[in-house]
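Notes for the one structure printed next.
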Amino acid sequence: MGRLIVTEFVTVDGVMEAPGFEEHRSGRNAWALRLSDDDVQRYNQDQLLSVEAVLLGRTTYQIWAAFWPSLVDDEPFGRRINEIPKYVVSSTLTRVEWNNTTIVRGDLATEIGALKDRSTGDILVYGSADLVGGLTNGGLVDEYRLMVFPVVLGSGKRLFRDESAMSHLRLVSARTFGSGTVLLVYEPEGEAPAGKFADAYTWTPEQIESLHAAQDTDRVLATVMFTDIVDSTGRAAALGDRSWRQLLDRHDEITRAEVERWHGQLVKTTGDGMLATFDAPTRALRCALSLRSALAGLGLDIRAAIHTGEVELRSNDLGGIGLHIAARALAEAGARQVIVTRTVRDLATGTDLAFASLGSVSLRGVPGQWELFEASIAYEAGGT
């Protein structure tokens, strides 16, 4: 049975996007190339020569397939990456032109588990942040090799996202290169470590209360709305970075206009979505429904989640349980769905608003069961 090894170039602040000359939305690419030396290059070549196959997500595959075939005769890494068996995980690719490439479809855990079973050597995963997230959540990764480069990029896609589940790792080895790059090799650890200091430094209720009093946090009741673009990674890969950035700029313009039209406050944009607050759930609902229609004209499908609850005002940002509930509810939404909690449904007014129950679900990190509803305009729900 083969091992699945995730090997990544990352910055000190955890960014893995554009280590080579692929486009970065802020022009901060090629950071790994500029900080590599002969030893780093030799390690990367030896690593590739030692494995049986390579596994990639669609975006990383398309970047590599556009570059590496032209270097087959000029560079050892290029020769090996062209001849080695390659697997690309994609539900949308219909054909591949890079030699020795197989498309992997279907259930990720089933397909990758079967690939490991029939392999006799190691399988390397490069880049492919979304794929790595799925592999990690499915318990399919046997080893992580993280090459940490001495640079803080400040923007870009991070290897482990904010919403990633907690995973414990055990350090197997570490190596420092002359360039200042550090190789950290980890294996998954099944159980959380039981350090002796965890109990010694546990906060008491009195200490927590004292901290809250010192922070003088401003808590208010508000309606919170999150949105994001459906399949943003796929759209970005299909359009290219420059066209995708232009489309995102138009998305942001329309989003700001719609939030302002419905008397909301745009807290921040989130790369491919936004966070806004409203003083009434009905306004948030109508904003979400209008925004969905407006962005459809650009060929963008969004999903949205809305919750009314207590939030913490933090200068230019928000926090608190109300924010977490809305963020977790967004994860339950499908393409073009506007998902709301029972609180929003009970407080919203308007005879043209319709709500279809989606049942009760557990929201990760939020206690209890939460009943969710899909909101729509009544004539949309009735199909007339």
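Sequential numbering from 1 along the given sequence is applied to the chain's residues.
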Query - Ring geometry between Phe9 and Phe149 (parallel below 30°, tilted from 30 to 60°, perpendicular above 60°) - result: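 Plane angle over 60°, so perpendicular.
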
Query raised in the report: Do the rings of His307 and Trp370 sit parallel, tilted or perpendicular, given the 30° and 60° boundaries?
Result: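 Rings of His307 and Trp370: perpendicular, as their planes differ by over 60°.
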
Taking the side chain from [X] and the backbone from [Y], do they hold a donor-acceptor pair closer than 3.5 Å?
{"X": "Ser70", "Y": "Phe67", "answer": "yes"}
{"X": "Glu189", "Y": "Leu169", "answer": "no"}
{"X": "Arg292", "Y": "Arg336", "answer": "yes"}
{"X": "Trp31", "Y": "Glu17", "answer": "yes"}
{"X": "Ser26", "Y": "Arg28", "answer": "no"}
{"X": "Ser128", "Y": "Val132", "answer": "no"}
{"X": "Thr181", "Y": "Phe177", "answer": "no"}

Looking at [Y] and [X], is there a salt bridge between them, counting it only when a charged N and a carboxylate O are closer than 4.0 Å?
{"X": "Arg3", "Y": "Glu143", "result": "yes"}
{"X": "Glu111", "Y": "Arg105", "result": "no"}
{"X": "Glu97", "Y": "Arg95", "result": "yes"}

Does a sphere of radius 6.0 Å around [atom1] in [X] hold more than 12 heavy atoms from other residues, nucleotides or ligands, not counting ones at 6.0 Å or beyond?
{"X": "Glu52", "atom1": "CD", "value": "yes"}
{"X": "Glu371", "atom1": "CD", "value": "yes"}
{"X": "Asp38", "atom1": "CG", "value": "no"}

Measure the shortest side-chain to side-chain distance between [X] and [Y] over non-hydrogen atoms and say whether it is less than 4.5 angstrom.
{"X": "Ile112", "Y": "Leu4", "result": "yes"}
{"X": "Val185", "Y": "Tyr144", "result": "no"}
{"X": "Val12", "Y": "Val151", "result": "no"}
{"X": "Val361", "Y": "Arg328", "result": "no"}
{"X": "Leu153", "Y": "His24", "result": "yes"}
{"X": "Thr223", "Y": "Thr277", "result": "no"}

**Report entry** Stepwise side chain to side chain contact (heavy atoms under 4.5 Å, CB included) check, Phe373 with Ile339
**Finding:** CA-CA 6 Å; Phe373 299 83; Ile339 300 297; over 6 Å; no

Requested in this report: Any chance you could measure Leu35, atom CG, to Met147, atom CE, to the nearest 0.5 Å?
Outcome: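 One finds 11.0 Å between CG of Leu35 and CE of Met147.
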
**Report entry** salt bridge (charged side-chain N to carboxylate O under 4.0 Å, His left out) between Asp231 and Arg303, worked out
**Finding:** CA-CA 10 Å; Asp231 190 28; Arg303 57 181 184 165; over 6 Å; no

Query - Ala288: partners by side-chain contact (heavy atoms from CB on, under 4.5 Å), with sequence neighbours left out - result: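 By the side-chain contact (heavy atoms from CB on, under 4.5 Å) rule, Ala288 matches Met225, Ala304, Ile306, Val338.
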
Query - Residues that Asp272 engages under side-chain contact (heavy atoms from CB on, under 4.5 Å), provided they are two or more places apart - result: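 side-chain contact (heavy atoms from CB on, under 4.5 Å) check on Asp272 returns Asp228, Ile229, Ser232, Thr270.
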
Does [X] have any ring-ring contact (aromatic ring centres under 6.0 Å, His included) partners at least two apart in sequence or in another chain, and if so, which?
{"X": "Phe278", "result": "none"}
{"X": "Trp262", "result": "none"}
{"X": "Phe226", "result": "none"}
{"X": "Phe77", "result": "Trp68"}

For [X], all residues meeting salt bridge (charged side-chain N to carboxylate O under 4.0 Å, His left out), sequence neighbours excluded:
{"X": "Arg175", "value": "none"}
{"X": "Asp317", "value": "Lys268"}
{"X": "Arg42", "value": "Asp39"}

Requested in this report: Go through Arg145 and Leu184 one step at a time and tell me if the side chain to side chain contact (heavy atoms under 4.5 Å, CB included) criterion holds.
Outcome: CA-CA 6 Å; Arg145 298 175 182 173; Leu184 302 173; over 6 Å; no

Report task. Scan for ring pair (Phe, Tyr, Trp, His ring centres under 6.0 Å) pairs involving residues 320-350, sequence neighbours excluded, and state none if there are none. Result ->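 As it turns out, there is no ring pair (Phe, Tyr, Trp, His ring centres under 6.0 Å) pair with a partner in residues 320-350 once direct neighbours are skipped.
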
Query raised in the report: When Ile, Leu, Val, Met, Phe, Trp and Tyr are grouped by side-chain heavy atoms lying under 4.5 Å apart, directly or through other members, which residues fall in the same group as Leu49?
Result: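 Same cluster as Leu49: nobody, lone residue.
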
Query raised in the report: To which residues is Phe21 joined in a hydrophobic cluster, defined by side-chain heavy-atom contacts under 4.5 Å among Ile, Leu, Val, Met, Phe, Trp and Tyr, whether direct or through other members?
Result: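 Result for Phe21 is Leu33.
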
Distance-only side-chain donor-acceptor flag, [X] / [Y], under 3.5 Å:
{"X": "Thr269", "Y": "Asp252", "result": "no"}
{"X": "Arg58", "Y": "Thr92", "result": "yes"}
{"X": "Tyr61", "Y": "Ser90", "result": "no"}

Query - Test log, rule salt bridge (charged side-chain N to carboxylate O under 4.0 Å, His left out), inputs Arg256 and Glu253 - result: CA-CA 5 Å; Arg256 290 189 180 91; Glu253 291 173 7; over 6 Å; no

Query - Lys116/Asp142 under salt bridge (charged side-chain N to carboxylate O under 4.0 Å, His left out): CA gap, chis, key distance, verdict - result: CA-CA 11 Å; Lys116 292 175 64 176; Asp142 298 294; 2.9 Å; yes

Report task. Provide the closest heavy-atom pair for Glu332 versus Ser362 in the form atom of the first, atom of the second, distance. Result ->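 Result for this residue pair: OE2-O, 4.3 Å.
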
**Report entry** Where Leu347 and Pro281 come nearest, the two heavy atoms and their spacing
**Finding:**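 What the structure gives for the nearest pair is CB-CG, 3.6 Å.
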
